[in-house]
Amino acid sequence: MDLKPTKPLSGFIELLPAQQRCFDECARRMRGVLQIAGFSLLDLPAIERAEVLSDKDNWDEIETQMFLFQYGDTKMGLRYDGTVGLSRFVAGHLNDLVFPFRASQFSKRYRGERRQRGRYREFYQMDMDIMGINTLSINYDAEIISVIQQALNSVSEFIGDNYVRIGSRPFWDALFDYLKLDSRQRKEVFVLIDKRDKMGEEEFALGLSDTLKNKKVENEIKSVFISGYEKFLNKSDKLDAAISELTGFMEKLKQFGVKNAEIDLSIARGLAYYTGLVFEFKLTDHPELQTAAGGGRYADLVEKFSKTKIIGVGAAIGFSRIFVALMESGAIDLSRWERPVDVAILVMGDDNLQYALTVESALRAAKIPSVAYLDTDKKFKNQIEYADKIMAKYSMIIGEDEVKNKVVSVKDMATGEQQTLSVADAIKLVTGGAKNDN
RNA sequence: GCGGAUGUAGCUCAGCUGGUUAGAGCGUCGGUUUGUGGUACCGAAUGUCGCCGGUUCGAAUCCGGUCAUCCGCCCCA
């Protein structure tokens, strides 16, 4: 009989136990940051109606980007980000929620795209969004950035330091107005700006001239990246407004305690739904990784679900992406996550099982991760080998003598020292040892 | 969808220009006297050499196709 494959599908992530423990610890810390900051942690459906996920009605086209399927007459798909589902949720629960509404999701996302380095078809992202009705102060944009930085900092021992760069959609809109670009040109130029990092100066210039065919306009756009935004002051009211919003925002970020922030107008965030300021986080120690987190303000996303004007600012941390990349490169030290339990209980024969289980219960009641080796008929050698392999700090040996005297033989697996103790003293030894270890 | 590379034991791979029972290391399991591991030694199991076809007396090895994987592009939160 042919055996079935053991490898997961391409683009799907499987973590080994130690990796998973480390991942879970990171997730716990980041969720903790969000919860303390007053964000409701939501767990929305992974499957949405196709019409919720996409406005495009060209099934073939969107199928290459999403996992789609049909059940009866209902076309549906797996969520590829968290914000679309959240918009639907908020629009559907306007009466139940308090605004500004603060929500966070740490959940799996799905993309149908082809495998590529650092791209997965199933991955975790942590989203955080703040949504307001009719208005939403730009203070919230600053807060979102601050909270992301806190979340990233909470796992800095694994991912290192971070910095953030701020871009502005309104700046480009105003500049395009000023330069009198038509809508096709705006779109194409914007794509070029977004890809500028990847393509390099020459190709960027070429692309601009292809689209614009106007040296003067091309040079104006290029000059943004050379001499910055200042030269566009006093050119139009819209430009002035966009620039002062941006510079004012940098002051706000300081008030919110954000570190390592700077303006970078090449931050465009693709053609996504953003309408205001946008931002991207990168990891200082890992420049090879692409964006660690990104987001911005969106004004129109909820429009398709509700006539109530809802404005949001949100961001996502692509945590699977950075975690897996850092793990594979060896940047994350997993050695301290290899140990599933602190204590292995070795049981010399089924006759001693009852007592062994009471010891196990006592350990667990004392919050000491512990596990009994239940193949009680296995030789001692096999049992202690198991204790060694799971890297238990201590083995507690339970045989006839221990049962008779109501004690346990505790072996320190690192030093090999062994002593006979009451269960209470054994627990004291283990908990004391744990303190020294960390 | 396009281009490049790769597909041999659970894993990482070696098998040169085709030659007869397909290898190593790691891992797994067992053993080196039956309550003491991490080292050492001995031993065992596991492969239709991705799949299909062709060339040949003979193919893991050459050729074609196909599938899969990886890298890049396209696309893109």
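Heavy-atom basis, side chains included; hydrogens, waters and symmetry copies ignored.
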Give a yes-or-no answer on whether the side chains of A/Y298 and A/D129 include a donor-acceptor pair shorter than 3.5 Å.
-> yes
Consider only side-chain N and O atoms of A/D24 and A/Q20, and report whether a donor and an acceptor are under 3.5 Å apart.
-> yes
Is the base of B/rU36 touched by the side chain of A/E385 through a donor-acceptor pair closer than 3.5 angstrom?
-> no
For B/rG23, give its Watson-Crick or G-U wobble partner with both distances under 3.5 Å, or none.
-> B/rC13
Let me know, please, whether A/E400 or A/R121 comes out on the 5' side of the other along RNA chain B by nearest nucleotide.
-> A/E400
Using the P atom as the reference point in each nucleotide, state the distance between B/rU55 and B/rC16 in Å, no decimals.
-> 23 Å
Using atom OH of A/Y80 as one end and atom P of B/rC76 as the other, report the distance to the nearest whole Å.
-> 12 Å
Selected nucleotide, minimal atom distance to A/R119 side chain, candidates B/rU36, B/rC75, B/rG35 | B/rC75
Short side-chain N/O contact from A/K378 to OP1 or OP2 of B/rG30, under 4.0 Å | yes
Among B/rG35, B/rC29, B/rG37, find the nucleotide with the atom closest to the side chain of A/K389.
-> B/rC29
CE (A/M348) and CZ (A/F380) are apart, to the nearest 0.5 Å, by 5.0 Å
Between atom CD1 in A/I13 and atom C1' in B/rC70, what is the gap in whole Å?
-> 16 Å
Inter-nucleotide P distance (B/rU28, B/rG10), Å rounded | 15 Å
Take the protein atom CD1 of A/I397 and the nucleotide atom P of B/rU36, then report the distance between them rounded to whole Å.
-> 9 Å
What integer distance in Å separates A/Y373:OH from B/rG35:P?
-> 14 Å
Any chance the side chains of A/S409 and A/E402 put a donor and an acceptor closer than 3.5 Å?
-> yes
Taking only side-chain nitrogens and oxygens of A/K379, does any of them come within less than 4.0 Å of OP1 or OP2 of B/rG31?
-> yes
When we call it a touch if two heavy atoms are under 4.0 Å apart, what does A/G416 touch: a base, just sugar-phosphate, or nothing?
-> base
Would you classify A/Q125 as touching base, sugar-phosphate or nothing, given that sugar-phosphate means primed atoms plus P, OP1 and OP2, and contacts are heavy atoms under 4.0 Å?
-> nothing
For A/N405 and B/rG35, what is the distance between atoms CG and C1' respectively, to the nearest whole Å?
-> 15 Å
Span that lies between the P atom of B/rG3 and that of B/rU66, in whole angstrom | 12 Å
In the strands shown, is B/rU55 matched to any nucleotide by a Watson-Crick or G-U wobble pair with both distances under 3.5 Å, and which?
-> none
Do any side-chain nitrogens or oxygens of A/S10 fall under 4.0 Å of OP1 or OP2 in B/rC70?
-> yes
A/M348 atom CE is separated from B/rU36 atom P, nearest whole Å, by 10 Å
Cation-pi geometry met for A/R321 and A/F123 (6.0 Å, 45°) = no
Can you tell me, in whole Å, how much space there is between the C1' of B/rG27 and that of B/rU17?
-> 35 Å
In whole angstrom, give me the gap between the P atoms of B/rG7 and B/rC49.
-> 15 Å
When rounded to whole Å, the CD1 to P distance for the pair A/I345 and B/rU36 reads 20 Å
Can you tell me if A/E122 and A/Y110 form a side-chain donor-acceptor pair at under 3.5 Å?
-> yes
Write down the distance separating the P atoms in B/rU12 and B/rC57, rounded off to the nearest Å.
-> 38 Å
Watson-Crick or G-U wobble partner of B/rC70, both distances under 3.5 Å = B/rG4
Identify which nucleotide among B/rG35, B/rC70, B/rG37 has an atom closest to any side-chain atom of A/E402, counting heavy atoms from C-beta outward.
-> B/rG35
If the P atom of B/rG35 is compared with that of B/rC42, how far apart are they to the nearest Å?
-> 24 Å
Regarding A/N162 and A/N153, is there a side-chain donor-to-acceptor distance under 3.5 Å anywhere?
-> yes
Calculate the interatomic distance between A/D388 atom CG and B/rU28 atom P; express it in whole Å.
-> 11 Å
Please measure how far the P atom in B/rC63 lies from the corresponding atom in B/rG18, and state the result in whole Å.
-> 11 Å
B/rC41 pairs with which nucleotide, Watson-Crick or G-U wobble, both distances below 3.5 Å?
-> B/rG31
5' priority, RNA chain B, between A/T291 and A/A387 [closest heavy atom] | A/A387
